[in-house]
Amino acid sequence: MLSGTAILALGLAAGLMGPAAAQTPPNVLIVGQIAEPQSLDPHTVTAANDFRIVVNIYDGLVRYADGTLEVEPALATDWEISEDGLTYTFTLREGVNFHDGTPFNAEAVKFNFDRMLDENHPFYGTGPFPLSFNFESVENVEVVDDLTVRFTLSEPFAPFLSNLAYPTGLIVSPAAVEANGEDYGRNPAGTGAYRFAQWQSNTSVVLEANPEYWDGAPALEALVFRPITDANTRVAEMLSGGIDVMVEVPPDNIATFADDPNFTVHEATGPHVWYVMLNAKEGPFADPRVRQAANYAVNKEGLVNDILQGTAEISDSPVPPAFGWAYNDELEPYPYDPERARELLAEAGAEGASLTFYVTEGGSGMLDPVNMGTAIQADLEAVGFDVSIETYEFNTFLGLVNAGLEGQADMAQMAWMTNDPDTLPFLTLRTDAWPEAGGFNSGYYSNPEVDTLIEEARVETDPEARAALYREMQTLVFEDAPWIFVANWRQNAVTTANVEGFSLQPSFLLMLQDVAKP
């Protein structure tokens with residue numbers, strides 16, 4: 001087997017060759033990513049960019065079945081749920097080891113969740129764990145025996161199994177956390193199809209095949225994830241043969257790849273929301289009329305058709321239409337109505353309001369953020385706003401935005417790919433999800449009725465009753481306009497024609513265990 005260093009050298013040599021000669025090494029898949037990962041600790045990251053790597057290193061107790069958001073067994077072979085919905089008992093897979101050679105068992109599962117949820121745990125300080133919100137209903141994790149673990153919840157929690165399948169539910173090696181402490185994210189160990197080999201900052205993350213993988217050894221010898229933040233550079237690398245897979249293809253380039261027999265374009269619908277959060281706590285957007293004006297001012301049809309080239313649809317809700325059972329299809333997007341926007345601004349006395357707009361250079365699900373930000377700026381200025389854009393590299397951008405917009409900015413771009421209709425509202429719209437409480441409601445939106453509906457929906461186990469609560473919540477949020485609702489994206493990727501078994505998942509995760517490249 002090639003070492004991580006040898007694989008990296010081969011991959012970089014291929015990327016530096018000219019278009020006619022470039023060829024990535026056989027049996028090694030080189031993936032062009034949109035940004036440098038923040039960490040390879042699945043409990044500490046929030047971006048799909050990082051998730052696309054970590055899901056190949058780790059497994060969860062459960063996972064999403066191929067091509068769906070339905071849950072199936074993974075490290076747990078089966079489970080039982082008590083009649084009151086408060087107890088989940090999992091039977092664990094026998095004979096599985098972490099990549100560091102230590103055994104996977106019930107103690108390891110307990111360590112993982114206690115680490116995220118128990119402030120007194122000796123390794124709680126290796127966080128923070130921003131999506132541990134997904135498991136806040138977990139009251140206790142009990143080791144029944146070596147291969148049986150029991151979760152006790154404080155209340156019924158409808159998304160629990162789905163959240164276990166999400167990357168925050170992936171299981172890390174306790175021994176590796178104990179050995180590396182706060183540096184664990186650079187020295188990961190899971191039970192997945194690939195094991196960590198090397199991370200060279202701003203150059204690549206290399207994973208090697210795990211020949212002892214419980215679900216069958218992967219076909220590839222290695223994966224190399226290269227951060228290529230500039231979209232045009234990613235396209236050039238793909239065309240020249242420097243990478244085998246490119247995620248999030250710029251809309252302008254899809255036709256180029258689709259018309260070339262040397263490439264295959266992949267598309268899939270998934271739960272994605274692209275929006276502009278508005279600072280509802282201070283400044284012009286503290287007035288809901290000004291927030292509504294911003295929604296009327298932005299030509300979303302132009303954004304979707306001209307900039308995104310029809311690869312997305314106009315959004316009107318924090319629940320994406322991919323969750324058809326919970327989506328409120330009676331809502332209609334705010335129409336492009338500059339005159340109505342001007343009327344609302346005059347009514348609110350906000351004509352000429354100055355706005356600071358945070359824009360990212362790229363990032364998970366952010367589509368074409370600079371061009372979209374510039375177009376939104378022009379539309380807002382056309383109705384009387386004075387908009388100043390500040391642009392940041394993605395990880396820097398996340399650090400600023402996640403800390404909250406107060407005292408910094410009036411608006412910021414954001415995109416989420418989610419696994420359940422609960423996720424985005426719970427993390428970004430509740431009063432208790434303001435940044436100081438550890439959530440992602442960075443615009444400080446607050447509506448007690450919305451809070452109540454979100455809380456009731458996540459404990460409601462009847463699907464029809466749960467859907468009704470989500471639909472009512474969407475109506476209130478739409479009227480309050482805490483965001484400029486923009487787009488729901490149809491995800492895409494392109495592979496070279498010799499890549500076999502590649503498919504996009506509605507979870508937006510990049511599952512590469514079954515991919516081959518002869």
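Here, residue 1 is the first one in the sequence, and each next residue gets the next number. Because only heavy atoms are used, hydrogens play no part in the values below, and waters and symmetry mates are left out as well, while side chains stay in.
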Show me the donor-acceptor pairs within less than 3.5 Å that the side chains of residues 88-95 make with the rest of the protein, sequence neighbours left out.
from, atom 1, to, atom 2, distance (Å)
T89, OG1, R150, NE, 3.1
T91, OG1, D78, OD1, 3.2
R93, NE, A74, O, 2.8
R93, NH2, A74, O, 2.8

Would you tabulate the side-chain donor-acceptor contacts of residues 395-403 under 3.5 Å, counting partners in other chains and residues two or more places apart, or write 'none'?
from, atom 1, to, atom 2, distance (Å)
N395, ND2, E36, O, 3.0
T396, OG1, E393, OE1, 3.0
N402, ND2, L398, O, 3.4

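With sequence neighbours left out, Y64 forms a ring-ring contact (aromatic ring centres under 6.0 Å, His included) with no residue at all. Evaluation of the side-chain contact (heavy atoms from CB on, under 4.5 Å) rule for R490 yields T269, E313 as partners, not counting sequence neighbours. Remark: F104 engages no residue in a ring-ring contact (aromatic ring centres under 6.0 Å, His included) (not counting sequence neighbours). With sequence neighbours left out, the side-chain contact (heavy atoms from CB on, under 4.5 Å) criterion links S39 to D41, T44, V45. Remark: F157 engages no residue in a ring-ring contact (aromatic ring centres under 6.0 Å, His included) (not counting sequence neighbours). Taking D451 as the reference, R430, T431 meet the side-chain contact (heavy atoms from CB on, under 4.5 Å) condition, with sequence neighbours excluded. Under the salt bridge (charged side-chain N to carboxylate O under 4.0 Å, His left out) criterion, D420 pairs with R466, not counting sequence neighbours. Looking at residues two or more places apart in sequence or on another chain, you find no side-chain contact (heavy atoms from CB on, under 4.5 Å) involving D514.
Within 6.0 Å of CD on E142 lie more than 12 heavy atoms contributed by other residues, nucleotides or ligands. Sparse packing is recorded around CD of E119, with 12 or fewer heavy atoms of other residues, nucleotides or ligands lying under 6.0 Å away. Heavy atoms from other residues, nucleotides or ligands lying under 6.0 Å from CD of E178 number more than 12.
Note on ring orientation: taking the six-membered ring where Trp is involved, the planes of W325 and Y470 are perpendicular (angle over 60°, cut-offs 30° and 60°). By the 30° and 60° cut-offs, the orientation of the rings of W416 relative to F440 is perpendicular. Using bins of under 30°, 30° to 60° and over 60° for the plane-to-plane angle, the ring pair Y124/F129 lands in the perpendicular bin.
A side-chain donor from one of Q505 and D66 sits under 3.5 Å from a side-chain acceptor of the other. Side-chain N/O atoms of H99 and S173 include no donor and acceptor closer than 3.5 Å.
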Give the C-alpha distance, both sets of side-chain angles, the deciding distance and a yes or no for ring-ring contact (aromatic ring centres under 6.0 Å, His included) between F160 and F151. CA-CA 10 Å; F160 182 59; F151 289 74; 5.6 Å; yes
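The shortest side-chain heavy-atom distance between F133 and T423 does not fall under the 4.5 Å cut-off. The side-chain heavy atoms of Y327 and D316, taken from C-beta on, include a pair separated by under 4.5 Å.
Each salt bridge (Lys or Arg N to Asp or Glu O under 4.0 Å) pair with one or both residues in residues 47-64, not counting sequence neighbours, appears once here: R52-E248, R63-E72, R63-D215. Within the structure, the ring pair (Phe, Tyr, Trp, His ring centres under 6.0 Å) test picks out no pair touching residues 193-228 (sequence neighbours left out).
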